[in-house]
Structure formats: C-alpha cells, structure tokens
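Here the structure is a predicted model, which is why all the values come from computation and not from measurement. Atom set for the values below is all heavy atoms of this structure, side chains included, hydrogens, waters and symmetry mates excluded. Order of the sequence lines fixes the chain letters, A, B, ..., with proteins taken first and strands second; residue numbering starts at 1 for each chain.
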There are 2 protein chains.
Amino acid sequence: MTAVPSPLRLSPAECTCFRVRSAARRVTQIYSRHLAPTGLRISQFSLLGHVIARGPLSISELSDRLATDRTTLTRNLRPLLASGVIERAAAGDKRRHELVATLAGRALFKRALPMWAAAEQEVRDAMGTKLTADLHVALDRSMEKLAPL
Amino acid sequence: MTAVPSPLRLSPAECTCFRVRSAARRVTQIYSRHLAPTGLRISQFSLLGHVIARGPLSISELSDRLATDRTTLTRNLRPLLASGVIERAAAGDKRRHELVATLAGRALFKRALPMWAAAEQEVRDAMGTKLTADLHVALDRSMEKLAPL
DNA sequence: CGAATTTAGGTGCATATACACATTGAGACT
DNA sequence: AGTCTCAATGTGTATATGCACCTAAATTCG
C-alpha cells in the first residue's frame with residue numbers, strides 16, 4: 001500500500017497559483033491606494049527599501065533578494081533612476097552596476113513609510129493578528145521550500 | 001492598559017504585500033513552465049477554466065470571481081478571443097457580452113489539465129501536505145477578510 | 001598570449017495589472 | 001417621447017513580469 005493518501009484527482013479549483021495570485025492582486029490594491037500620494041508603486045517601495053537597507057547591490061543580487069527576474073528589475077529600475085531616487089555607481093568590475101539610494105531617495109522613502117504602515121495596518125486590522133501571523137508563516141515557509149533550483 | 005499588544009513600529013521587512021507578491025512570482029513561474037507546451041499562460045488557464053465551469057458570464061461577473069480588475073480582464077481576454085478558445089455571445093442586454101468557451105477551448109483546457117496538475121503536484125511535493133493546506137486556508141480566509149468594500 | 005567559457009547586464013516581444021476617462025445601452029421619471 | 005441616471009464595456013497610459021536572445025567584460029585554459 002502507498003504511504004501517502006495520494007490526491008488522485010486534483011481539480012483546478014484547488015489551484016495554489018490562482019489563490020496566491022488573487023491574494024497578491026487584492027493586497028496590492030490596498031497598498032497602492034495608500035502609497036499613491038508618494039508617487040511610488042508598492043514594488044518600487046520594496047525595491048527602494050531593499051537598496052537602502054542592503055547598501056550597494058548589483059542588479060543580480062537584488063533580483064535574488066526580491067525573487068524577481070533580473071530583466072524585470074532592469075525595467076522596474078528605470079523610473080527610479082529617471083527620477084533620481086536610485087543611482088548606479090561604477091564598480092571595479094565594469095559589467096556590474098552598483099545600485100545606491102540617493103539622498104532624495106532616502107528622503108522619499110522616509111516620507112512614504114507612514115503610508116506603507118497605514119496600508120499594512122489596514123490589512124492587519126481586516127485580517128486580525130492571528131491570520132496575519134499564520135499567513136506570514138505559511139508564505140515564508142513556502143518561499144523556502146520553493147526556492148529556485 | 002491596551003488590550004492589543006500593538007505593533008507600534010512596523011518595519012517594511014514585515015510587509016505582507018511583499019510576501020504575497022514574491023510568492024505569486026515564484027509560484028507563477030512553476031506553473032508557467034508546465035503550461036508552456038499548451039500555449040496557455042496560467043492566468044489564461046484560470047480564466048478559461050472559470051468560463052467553462054461557470055457557463056456564460058459577463059466580463060464584470062468574471063472579474064468579480066477572479067478578483068481581477070474588469071479592464072485587466074478585457075485585455076487578458078484578447079488573446080483567447082483571437083485564438084478562438086472563447087467567444088462572445090450576444091445577450092438580451094446589448095451592453096453585455098456573454099463569454100462562452102468554444103469546443104476548441106474546451107478541448108484545449110482538457111489537454112492542459114494534466115500539465116496544470118503536474119505543476120500543482122510539483123508545488124505540493126515541494127511544500128508538503130501540511131504546509132499546502134495551511135497556505136490555502138490562510139489565503140482563502142485572507143480573501144474573505146479583504147473582500148472589496 | 002589568445003580562444004573558449006562564464007558572468008553581468010540589456011532588448012524585443014508578449015502578456016498582466018489597474019486607474020482615469022470615454023462610450024453606449026437600459027431604465028426611470030417627467 | 002425626452003432626459004437623466006446608472007450600468008457594462010472599451011481605451012489611454014503606465015508599470016510589472018519573464019522568456020529568448022544579444023552584448024560585453026572577466027575568467028579559464030591550452
């Protein structure tokens with residue numbers, strides 16, 4: 001006999017991908033609404049936050065941390081480079097571009113922080129402390145398990 | 001004293017949005033890889049599946065079910081209409097467009113189903129039964145709590 | 001040293017996402 | 001009927017996403 005009670009027939013209604021993507025859309029809208037006055041999208045906020053927190057980073061390093069495709073990052077950086085919140089510094093290796101936040105970038109992030117916090121709080125208020133914690137744990141563990149090959 | 005141990009200072013590292021979006025990207029890649037031979041993206045697979053399962057639907061109804069913006073759906077439908085897997089039937093109300101799956105659409109979905117199942121199984125194998133169940137529960141509850149105003 | 005390989009990054013293309021705004025049909029009210 | 005309002009949908013614009021492919025710099029190896 002088999003050890004695992006195999007889920008012989010999976011139905012598309014049980015799609016993990018659909019669930020995660022739906023949730024991402026919903027949640028994104030809440031944060032977008034709060035961050036709108038700053039001119040930052042939530043992805044830009046995350047990106048900028050990582051660059052500020054983790055110091056100079058190459059695009060590849062950043063794409064690893066953010067679980068985002070490198071080429072996606074290249075394009076997501078464009079508005080931020082254009083508006084001068086992030087700069088590219090030359091590295092020893094001429095292929096690399098070290099990304100650093102400018103003073104304006106840090107100031108913008110500081111201004112945006114309360115609005116991000118309000119969004120985060122709205123989500124937590126709606127979901128409750130327990131569900132928020134459970135969701136975070138489940139998502140964090142999932143990301144570990146689904147780490148790229 | 002306050003009843004709730006208030007999280008006085010939320011740090012961007014605890015961003016729910018970032019977690020959900022990262023997970024969505026990772027998970028999406030796995031399904032995309034499996035579905036590639038079918039020519040269907042995972043979002044198209046979900047969309048087509050819903051149209052097949054829920055019979056004729058208007059765009060607005062579908063956008064509610066999929067938690068997707070209506071205008072996003074309009075554009076996501078384009079490739080599916082162009083390739084003839086979905087059709088628009090006239091409704092009594094001339095504003096409405098009833099969406100129905102064509103025979104070709106149903107056949108395509110049937111062919112794609114095993115590949116979707118393989119993707120779903122890959123995710124479940126990586127995450128384990130418990131974590132998969134926990135994640136689904138957390139996501140389903142979150143979607144309830146975060147239902148649009 | 002010089003060629004092959006690997007590594008960092010960008011581009012072309014196609015889809016995904018959603019807000020603001022425009023359009024058109026249906027229903028209600030006078 | 002005429003008009004006013006609402007409901008269903010599409011468009012313009014901008015960002016997000018990632019695969020296939022390309023370029024150039026660094027490294028490895030004969």
How many Å lie between [atom1] on [X] and [atom2] on [N], as a whole number?
X: Leu35(B); N: dG18(D); atom1: CG; atom2: C1'; result: 15 Å
X: Arg78(B); N: dT9(D); atom1: CZ; atom2: C1'; result: 12 Å
X: Arg96(B); N: dC6(D); atom1: CZ; atom2: P; result: 20 Å
X: Leu40(B); N: dC19(D); atom1: CG; atom2: P; result: 17 Å
X: Tyr31(B); N: dT15(C); atom1: OH; atom2: C1'; result: 19 Å

All side chain to side chain contact (heavy atoms under 4.5 Å, CB included) counterparts of [X], not counting sequence neighbours:
X: Arg96(B); value: Ser58(B), Glu61(B), Ala91(B), Asp93(B), Glu98(B)
X: Thr102(A); value: Glu87(A), Ala104(A)
X: Ala67(B); value: Ser22(A), Arg26(A), Met143(B)

### Query
Where does DNA chain C form stems of at least three consecutive Watson-Crick or G-U wobble pairs, each pair having both distances below 3.5 Å?
C:1-30 with D:1-30
### Task
Produce a footprint string for nucleotides 16-27 of chain C: one letter per nucleotide, 5' end first; B if the base is under 4.0 Å from any protein heavy atom, S if only the sugar-phosphate is, - if neither.
SBBBB----BS-
Would you tabulate the side-chain donor-acceptor contacts of residues 11-18 of chain A under 3.5 Å, counting partners in other chains and residues two or more places apart, or write 'none'?
from	atom 1	to	atom 2	distance (Å)
Ser11(A)	OG	Ala13(A)	N	3.0
Glu14(A)	OE1	Ser11(A)	N	2.9
Thr16(A)	OG1	Glu120(B)	OE2	2.7
Thr16(A)	OG1	His136(B)	NE2	2.7

### Query
With sequence neighbours excluded, what pairs up with His97(A) under the ring pair (Phe, Tyr, Trp, His ring centres under 6.0 Å) test?
none
### Message
Just to verify, what does Asp64(B) make a side-chain hydrogen bond (donor to acceptor under 3.5 Å, both in side chains) with, not counting sequence neighbours?
### Response
none
#### Entry: Thr38(B) side chain to Arg111(B) side chain, donor-acceptor N/O pair below 3.5 angstrom
no
### Task
Scan for salt bridge (charged side-chain N to carboxylate O under 4.0 Å, His left out) pairs involving residues 67-80 of chain B, sequence neighbours excluded, and state none if there are none.
none
